[in-house]
Amino acid sequence: MLFDRRPKIRGEDFYDRKEELQLFFKGVEAGEGLIIVYGVRRVGKTSLVYVGLSELGIPFIPIDVRGFLVDLSFLSPQILLGVVGEVLKRYESYQGRVEEFLSNVLEYVESLDLGMLKLRIREKRGELPTKVLEHANRWAKKRKTRVVIVLDEAQELRAYPRWRDLLAWSIDTLENVTFVVTGSEVGVLSDFLKLSDPNSPLFGRARLEIKLSKFSREQSIDFLKKGFNEAGIAVKEEETEDTVDKLNGIVGWLSLYGYYRVTYGLTHVEALKRVEEDAAKLLASELEKIVKYSPKRYIAILRAISLGLKSWSEIKHFTEGVAGYIPDNRFNSLLQNLVKYSFIEKTENGEYKPIETLLPKAVEMLRKNTE
Ligand SMILES: Nc1ncnc2c1ncn2[C@@H]1O[C@H](COP(=O)(O)OP(=O)(O)OP(=O)(O)O)[C@@H](O)[C@H]1O
Ligand SMILES: [Mg+2]
């Protein structure tokens, strides 16, 4: 089914992305030690990785880093890699039935009794993360395969510099282990891996980068048509076009729209309204994490951009009108942070604009929540 809320696992449910998948296959088969999949929210990063790995049919360990955020201490390599040994044990009994393996493992990782895991790992205090990886490497070598360790939403690991050392070491030493990391461009490439920082252990290391872009207008229309066809539902051309105009090529929102129409029988207007609300809520909750450090100024900048102001000086003028005088360097750093976290972008001619069409709605929600 093309219209589904969860990340895709099977190739037949996954629309297009042929080039990116080919690149992914080649990377794993060539034995890359590090593959980075990045792109904006809901663009299909997790799906690409799962579909790619299940088509390849090789063992992998999916770790959604966000799942460990309940307790920050779980983000240490030692704790997270504790999962690796457990999952490899399970893989044996699912040989060849990747889908079944994955759903079992995902359930296991999601419902992981974190307290238990922590205790178990504490008992093995002496066990270094490198030992766990060496074990995974030996395990794969013996079976003439590779082990892929997926760190989904890896940017959350940015506070743990040891991960970079561990990844660099793994790339250099472990022939049969591949790390796949996903996240937003700035989050994962720059904040976590620090690939362009000469002081980072990963600087200059071999890796494969796969960028997922938004769908084009044609692809988006075709995606909706195929999804509705598959569900046996006739939808008016102008509704499809309106949806594509409003949801801006982000497949996660397009498929959610289709899901609401097909599963709950919502009308075009109702489904679009719900998706816009869901999308704006998600965006607002992510903005909140950044904006809280300087709410008045950030919200003023975001409002200016939402209103369609584009140049640096127009945005600054508006912001100062609302939040009072701001020194240039302070203003710049706030603006750059919004670019850095993929909320706004700077165009080639130096103008600022929202990345998602729903930014204005999200900013309004945020304003209401913070007032
Ligand atoms: N190529 C595709 N074909 C069909 N559906 C897709 C495709 N890519 C993603 N989806 C759907 O879009 C939604 C978002 O996908 P996914 O979770 O993989 O994206 P993501 O970029 O990892 O999102 P997030 O930023 O929340 O981590 C899911 O419902 C998934 O089923
Ligand atoms: Mg994801």
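The basis for the numbers below is simple: all heavy atoms, side chains too, and nothing from hydrogens, waters or symmetry mates. Both ligands and their constituent atoms are indexed starting at 1 by order of listing.
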* To do: Check for a donor-acceptor pair, side chain of D13 on one end and backbone N or O of M1 on the other, with a separation under 3.5 Å.
  =>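 Confirmed, D13 side chain pairs with M1 backbone.
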
* Asked: Backbone N or O of Y38 within a donor-acceptor pair of the T182 side chain at under 3.5 Å?
  ->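 No; zero donor-acceptor contacts below 3.5 Å.
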
* Considering only NZ, NE, NH1 and NH2 on the basic side and carboxylate oxygens on the acidic side, decide whether K141 and E175 come within less than 4.0 Å. =>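 E175 and K141: salt-bridged.
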
* Asked: Salt bridge or not for K316 and E320, using N-O below 4.0 Å?
  ->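 A salt bridge is present here (some side-chain N lies under 4.0 Å from a carboxylate O).
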
* Asked: Would T182 count as a contact for the Mg ion (ligand 2), in the sense that one of its N, O or S atoms lies under 2.8 Å from it?
  ->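 So T182 does not count as coordinating the Mg ion (ligand 2).
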
For ligand 1, which atoms have a heavy atom of [X] less than 4.0 angstrom away?
X    : answer
G252 : 12 (O), 13 (C), 14 (C)
R5   : 28 (C), 29 (O)
G44  : 8 (N), 9 (C), 15 (O), 16 (P), 18 (O), 19 (O), 20 (P), 21 (O)

* Any heavy atom of D4 sitting closer than 4.0 Å to ligand 1? ->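 A heavy atom of D4 does come that close to ligand 1.
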
* To do: Could you tell me whether ligand 1 has any atom less than 4.0 Å away from a heavy atom of F223?
  =>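 It does; at least one heavy atom falls under 4.0 Å.
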
* Are the aromatic rings of Y257 and F223 close, with centres under 6.0 Å apart? ->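 Not close enough - the centres of the two rings lie 6.0 Å or further apart.
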
* Please confirm whether R41 comes within less than 3.5 Å of ligand 1 when only nitrogen or oxygen atoms on both sides are compared. =>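 Between R41 and ligand 1 (N or O atoms, distance only) the closest approach is not under 3.5 Å.
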
* Asked: If you draw the axis of the six-membered ring of F192, does the NZ or CZ of R158 fall within 45° of it and under 6.0 Å from the ring centre?
  ->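 Because its charged atom misses either the 6.0 Å distance or the 45° angle limit, R158 does not stack over F192.
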
